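For reference, the structure discussed in these notes is given below.
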Amino acid sequence: GKKSAKELDFNVRAVKLPTDIGLLRSLYQSGVIVATPGRDYDDSYCIEYARRHGGYVVTNDQYRDQKQTLKEFISKHCISYTFVGDEFLPNPDFRFQPTNEKN
């Protein structure tokens with residue numbers, strides 16, 4: 001049978017529960033998604049991982065509370081998005097930075 005989010009060790013408010021907890025658990029167990037420590041600030045993990053690996057963060061979070069030293073990286077490496085029906089639509093105005101750039 002179906003298990004609740006609490007039974008699966010997901011500590012989230014009810015309004016933020018995913019619709020398919022089984023799929024979420026499967027993705028977590030296979031390492032496709034990872035959890036951050038509960039008391040830590042998860043934004044820092046996302047940003048630092050992208051920085052270390054030359055990646056981008058797909059998010060609508062504007063990271064207003066991040067350090068000033070990260071503002072340039074965030075402005076160049078965070079891609080906003082929306083959904084049109086079931087279609088994922090990343091920001092069409094976003095421009096990827098040259099690959100040799102580290103910020």
Side-chain angles (χ1 to χ4, degrees):
K2 291 186 176 184
K3 292 185 177 183
S4 72
K6 187 171 184 168
E7 291 173 311
L8 294 173
D9 296 325
F10 288 106
N11 186 16
V12 295
R13 296 180 306 185
V15 295
K16 292 187 176 185
L17 288 178
T19 56
D20 190 338
I21 302 255
L23 175 60
L24 181 61
R25 173 56 84 187
S26 174
L27 292 171
Y28 177 76
Q29 289 173 338
S30 66
V32 172
I33 60 173
V34 296
T36 58
R39 293 183 180 178
D40 288 1
Y41 188 58
D42 60 340
D43 291 354
S44 298
Y45 286 91
C46 294
I47 294 166
E48 184 58 25
Y49 190 86
R51 285 180 57 164
R52 286 184 183 189
H53 297 280
Y56 293 82
V57 180
V58 178
T59 182
N60 285 328
D61 189 332
Q62 295 181 5
Y63 296 121
R64 289 186 183 111
D65 47 352
Q66 283 297 317
K67 297 176 186 173
Q68 190 61 34
T69 57
L70 295 174
K71 294 294 183 187
E72 184 176 355
F73 178 85
I74 291 168
S75 70
K76 293 180 178 180
H77 291 83
C78 289
I79 307 167
S80 60
Y81 67 93
T82 192
F83 283 90
V84 179
D86 289 339
E87 183 179 353
F88 173 74
L89 182 62
N91 183 342
D93 295 326
F94 182 83
R95 298 292 175 253
F96 286 93
Q97 300 299 308
T99 56
N100 62 351
E101 184 175 312
K102 294 186 180 182
N103 278 20

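Quantities reported herein were computed from a predicted structural model and do not represent experimental measurements.
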May I ask you to decide if R95's main-chain N or O and K76's side chain share a donor-acceptor pair within less than 3.5 Å?
->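 Not at all, since once roles are kept as given, no pair shorter than 3.5 Å links the two residues.
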Give the minimum heavy-atom separation between [X] and [Y], together with the two atoms involved.
{"X": "F73", "Y": "G55", "value": "CZ-O, 4.2 Å"}
{"X": "R64", "Y": "K71", "value": "O-NZ, 3.2 Å"}
{"X": "N91", "Y": "I79", "value": "N-CG2, 4.2 Å"}

Please say whether more than 12 non-hydrogen atoms of neighbouring residues, nucleotides or ligands are located less than 6.0 Å from CD in E87.
->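 Atom CD in E87 is not crowded, with 12 or fewer foreign heavy atoms closer than 6.0 Å.
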In Å, rounded to the nearest 0.5 Å, how long is the span from [atom1] of [X] to [atom2] of [Y]?
{"X": "R51", "Y": "S44", "atom1": "CZ", "atom2": "OG", "result": "11.0 Å"}
{"X": "D42", "Y": "I47", "atom1": "CG", "atom2": "CD1", "result": "9.5 Å"}
{"X": "Y45", "Y": "T36", "atom1": "OH", "atom2": "OG1", "result": "6.5 Å"}
{"X": "E48", "Y": "L70", "atom1": "CD", "atom2": "CG", "result": "8.0 Å"}

On the 0 to 90° scale, with breaks at 30° and 60°, tag the Y56-F96 ring pair as parallel, tilted or perpendicular.
->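 Perpendicular, since the angle between the ring planes exceeds 60°.
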Sub-4.5 Å side-chain heavy-atom contact between V34 and Y49 |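 No, too far: nothing below the 4.5 Å cut-off.
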Under 4.5 Å between side-chain heavy atoms, hopping through other hydrophobics if needed: is there a path connecting Y81 to V84?
->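 Different hydrophobic clusters.
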